[in-house]
Amino acid sequence: MSGVGAGGSSKQKIETSKASDSSFKRKRGVFQKDLQHMMYGYGDDINPLPESVALMEDIVVEYVTDLVHKAQDVGSKRGRLLTEDFLFIIRKDLPKLNRATELLAMNEELKQARKAFDVDEEKLVSGD
């Protein structure tokens, strides 16, 4: 009898894990247009095959998910996730690291420019 109970319990665990997996399923095709444009930019046809786009999306989502999980592991010691955690994860891949730091610097410059523009605009409005 205990064999039946144990088998039923493992089946129940499998069903529970399937239910939790289905709650985390993502929408397919969310990045379809963006990936089509990127694929065209890198030399693919202007209208790539839907199967190719779906494959690229699966690869990209898997990569980003893996990267985030690794960064969470690094950031879990502090209790929060920081940009530096992602930089730490990609530190050995110099092209990615350089591009990421370049984009972060550009983002900071854009923030400063917007801030300066907002201040100038406020002076113009208050000057009237």
Side-chain angles (χ1 to χ4, degrees):
M1 279 205 105
S2 65
V4 173
S9 111
S10 66
K11 186 176 181 182
Q12 191 176 27
K13 288 179 185 176
I14 292 170
E15 289 175 3
T16 304
S17 69
K18 284 182 181 177
S20 65
D21 287 344
S22 66
S23 65
F24 293 115
K25 286 195 175 188
R26 65 177 179 86
K27 293 181 183 177
R28 291 193 162 266
V30 174
F31 305 110
Q32 184 175 7
K33 283 290 181 192
D34 296 322
L35 284 171
Q36 283 178 341
H37 294 298
M38 289 175 69
M39 289 169 70
Y40 178 65
Y42 279 99
D44 202 341
D45 190 55
I46 192 153
N47 292 316
L49 293 173
E51 295 86 4
S52 299
V53 177
L55 177 63
M56 286 296 296
E57 183 176 24
D58 289 343
I59 292 169
V60 168
V61 169
E62 182 180 338
Y63 174 76
V64 171
T65 303
D66 186 47
L67 188 70
V68 170
H69 285 296
K70 287 178 183 176
Q72 281 179 329
D73 291 342
V74 170
S76 66
K77 295 170 186 139
R78 282 188 311 277
R80 61 183 184 159
L81 191 60
L82 298 174
T83 307
E84 287 76 24
D85 298 330
F86 290 96
L87 296 175
F88 179 77
I89 297 299
I90 63 172
R91 72 190 182 281
K92 293 180 182 175
D93 191 347
L94 288 179
K96 286 180 190 167
L97 181 63
N98 290 335
R99 180 68 174 150
T101 52
E102 178 186 348
L103 290 172
L104 288 169
M106 194 181 317
N107 187 40
E108 195 60 38
E109 287 179 32
L110 287 171
K111 281 182 185 178
Q112 296 297 326
R114 283 188 203 111
K115 187 176 178 182
F117 182 75
D118 289 341
V119 170
D120 291 342
E121 192 175 85
E122 287 176 9
K123 286 180 182 178
L124 290 174
V125 171
S126 64
D128 288 343

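Since the model is a prediction, treat every value here as computed from it, not as a measurement.
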>> Please enumerate all residues that pass side-chain hydrogen bond (donor to acceptor under 3.5 Å, both in side chains) together with Arg78, with sequence neighbours excluded.
In response: Asp85
>> Let's go through Leu110 and Arg114 carefully: what are the C-alpha distance in whole Å and the side-chain angles of both, what is the deciding distance for side chain to side chain contact (heavy atoms under 4.5 Å, CB included) to 0.1 Å, and is it a yes or a no?
In response: CA-CA 6 Å; Leu110 287 171; Arg114 283 188 203 111; 4.2 Å; yes
>> In the structure I gave you, are the side-chain heavy atoms of Val64 and Val68 within less than 4.5 Å of one another anywhere?
In response: yes
Contacts under 3.5 angstrom, residues 69-76 side chains, donor-acceptor by atom type, not counting sequence neighbours:
| from | atom 1 | to | atom 2 | distance (Å) |
| --- | --- | --- | --- | --- |
| Lys70 | NZ | Asp66 | OD2 | 3.4 |
| Ser76 | OG | Asp73 | O | 2.8 |

>> Is there a side chain to side chain contact (heavy atoms under 4.5 Å, CB included) between Thr65 and Val61? Walk through the geometry before answering.
In response: CA-CA 6 Å; Thr65 303; Val61 169; 3.9 Å; yes
> Relative to Phe88, does Arg91 satisfy both conditions: NZ or CZ under 6.0 angstrom from the six-membered ring centre, and within 45 degrees of the ring's axis?
Replying inline: yes
> Where do Ile89 and Leu67 come nearest, in terms of heavy atoms and distance?
Replying inline: CG2-CD1, 3.4 Å
> Any side-chain heavy atom of Leu104 sitting closer than 4.5 Å to one from Leu87?
Replying inline: yes
For residues 31-50, tabulate all N or O donor-acceptor pairs below 3.5 Å that involve a side-chain atom, not counting sequence neighbours.
| from | atom 1 | to | atom 2 | distance (Å) |
| --- | --- | --- | --- | --- |
| Asp45 | OD2 | Asn47 | N | 3.3 |

> For the residue pair Thr101 and Asn98, what are the closest heavy atoms and their distance?
Replying inline: OG1-O, 2.9 Å
> Out of curiosity, Gln112 CD to Glu109 CD, how far, rounded to the nearest 0.5 Å?
Replying inline: 9.0 Å
>> Measuring only between side-chain heavy atoms, which start at C-beta, is Met106 closer than 4.5 Å to Glu102?
In response: yes
